[in-house]
Amino acid sequence: QVQLVESGGGLVQAGGSLRLSCAASGRTFGTFTMAWFRQAPGKERSFVTTLRWSDGYTYSADSVKGRFTASRDNASNTAFLQMDDLKPEDTAVYYCAAKPAFHRATVEWIKSYTYWGQGTQVTVSS
């Protein structure tokens with residue numbers, strides 16, 4: 001059974017940085033796609049960024065390009081989301097998600113992801 005556990009959320013001022021972690025367990029993730037989504041109050045969950053575990057390829061939403069960076073550590077089976085230059089509109093619950101394969105056409109589709117973490121709150125004050 002795959003488990004994803006996020007950590008690293010918190011309160012930060014605008015312009016600050018946070019690094020989220022997603023500890024993955026339950027199997028080998030070499031062929032997996034990992035992703036980060038977020039959900040702000042009153043809004044639908046939306047795509048942030050995806051990472052192909054095998055080679056570290058990433059693709060991000062336009063709203064976070066140049067500010068957020070996804071990465072992974074093979075030794076610890078942990079995915080990271082480095083968030084820099086945070087803005088109040090980045091305030092949301094952030095979720096990591098995973099699925100067993102990579103298909104570029106579906107990386108932003110919420111329903112294509114099989115496994116989800118519990119979420120971690122990120123609050124950016126102005």
Side-chain angles (χ1 to χ4, degrees):
Q1 180 71 14
V2 172
Q3 288 190 323
L4 304 176
V5 179
E6 299 105 332
S7 61
L11 173 64
V12 64
Q13 289 187 331
S17 298
L18 282 174
R19 189 174 82 154
L20 306 183
S21 300
C22 175
S25 62
R27 62 163 297 161
T28 303
F29 292 91
T31 61
F32 268 55
T33 298
M34 309 294 288
W36 292 91
F37 289 81
R38 65 187 181 185
Q39 187 165 17
K43 295 187 177 180
E44 295 185 350
R45 194 170 299 189
S46 63
F47 170 78
V48 176
T49 190
T50 193
L51 177 144
R52 185 165 61 197
W53 196 274
S54 60
D55 62 1
Y57 166 84
T58 61
Y59 172 77
S60 298
D62 287 343
S63 59
V64 305
K65 282 180 180 177
R67 300 189 299 122
F68 291 12
T69 304
S71 63
R72 88 281 192 232
D73 177 67
N74 288 317
S76 63
N77 264 1
T78 302
F80 302 100
L81 181 65
Q82 177 67 41
M83 304 186 295
D84 298 317
D85 189 23
L86 282 159
K87 303 176 181 180
E89 52 263 43
D90 294 319
T91 295
V93 177
Y94 283 71
Y95 298 88
C96 70
K99 56 184 176 179
F102 179 86
H103 300 286
R104 173 64 183 84
T106 63
V107 295
E108 298 182 46
W109 295 5
I110 293 174
K111 292 184 178 181
S112 71
Y113 288 86
T114 309
Y115 307 103
W116 290 84
Q118 82 287 356
T120 186
Q121 177 70 46
V122 172
T123 302
V124 185
S125 63
S126 57

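Sequential numbering from 1 along the given sequence is applied to the chain's residues.
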Exercise for the section: Can you see which heavy atom on A98 is nearest to which on F32, and at what distance? Expected result: CB-CD2, 3.9 Å
Completion exercise
For V122, the side chain to side chain contact (heavy atoms under 4.5 Å, CB included) test, sequence neighbours excluded, returns L18, L20, M83, Y94, V124
Handout entry: Steps toward side-chain contact (heavy atoms from CB on, under 4.5 Å) verdict (F37, Y113)
Key = CA-CA 11 Å; F37 289 81; Y113 288 86; 3.6 Å; yes
Practice task
Please list all pairs passing the salt bridge (charged side-chain N to carboxylate O under 4.0 Å, His left out) test where one or both residues lie in residues 46-55, with sequence neighbours left out.
Solution key: R52-D55
Problem - Shortest non-hydrogen contact from L81 toward V48 - result: CD2-CG1, 4.4 Å
Handout entry: Straight-line distance of Q121 CD to Q39 CD, nearest 0.5 Å
Key = 10.5 Å
Completion exercise
Contacts satisfying salt bridge (charged side-chain N to carboxylate O under 4.0 Å, His left out) that involve residues 19-43 (not counting sequence neighbours) are R38-D90
Handout entry: Non-hydrogen side-chain atoms of L4 and Y95 separated by less than 4.5 Å
Key = no
Exercise for the section: Mark yes when over 12 heavy atoms from residues, nucleotides or ligands other than Q3 sit less than 6.0 Å from its CD; otherwise mark no. Expected result: no
Handout entry: Aromatic ring pairing Y57/F102, orientation class (parallel under 30°, perpendicular over 60°, tilted between)
Key = perpendicular
Handout entry: F47 versus S60, closest heavy-atom pair with distance
Key = CE2-C, 4.0 Å
Practice task
List the steps and the verdict of side-chain contact (heavy atoms from CB on, under 4.5 Å) for W116 and R45.
Solution key: CA-CA 12 Å; W116 290 84; R45 194 170 299 189; 3.4 Å; yes
Practice task
Please report the closest heavy-atom contact between W53 and M34, naming both atoms and the distance.
Solution key: CE3-CG, 3.4 Å
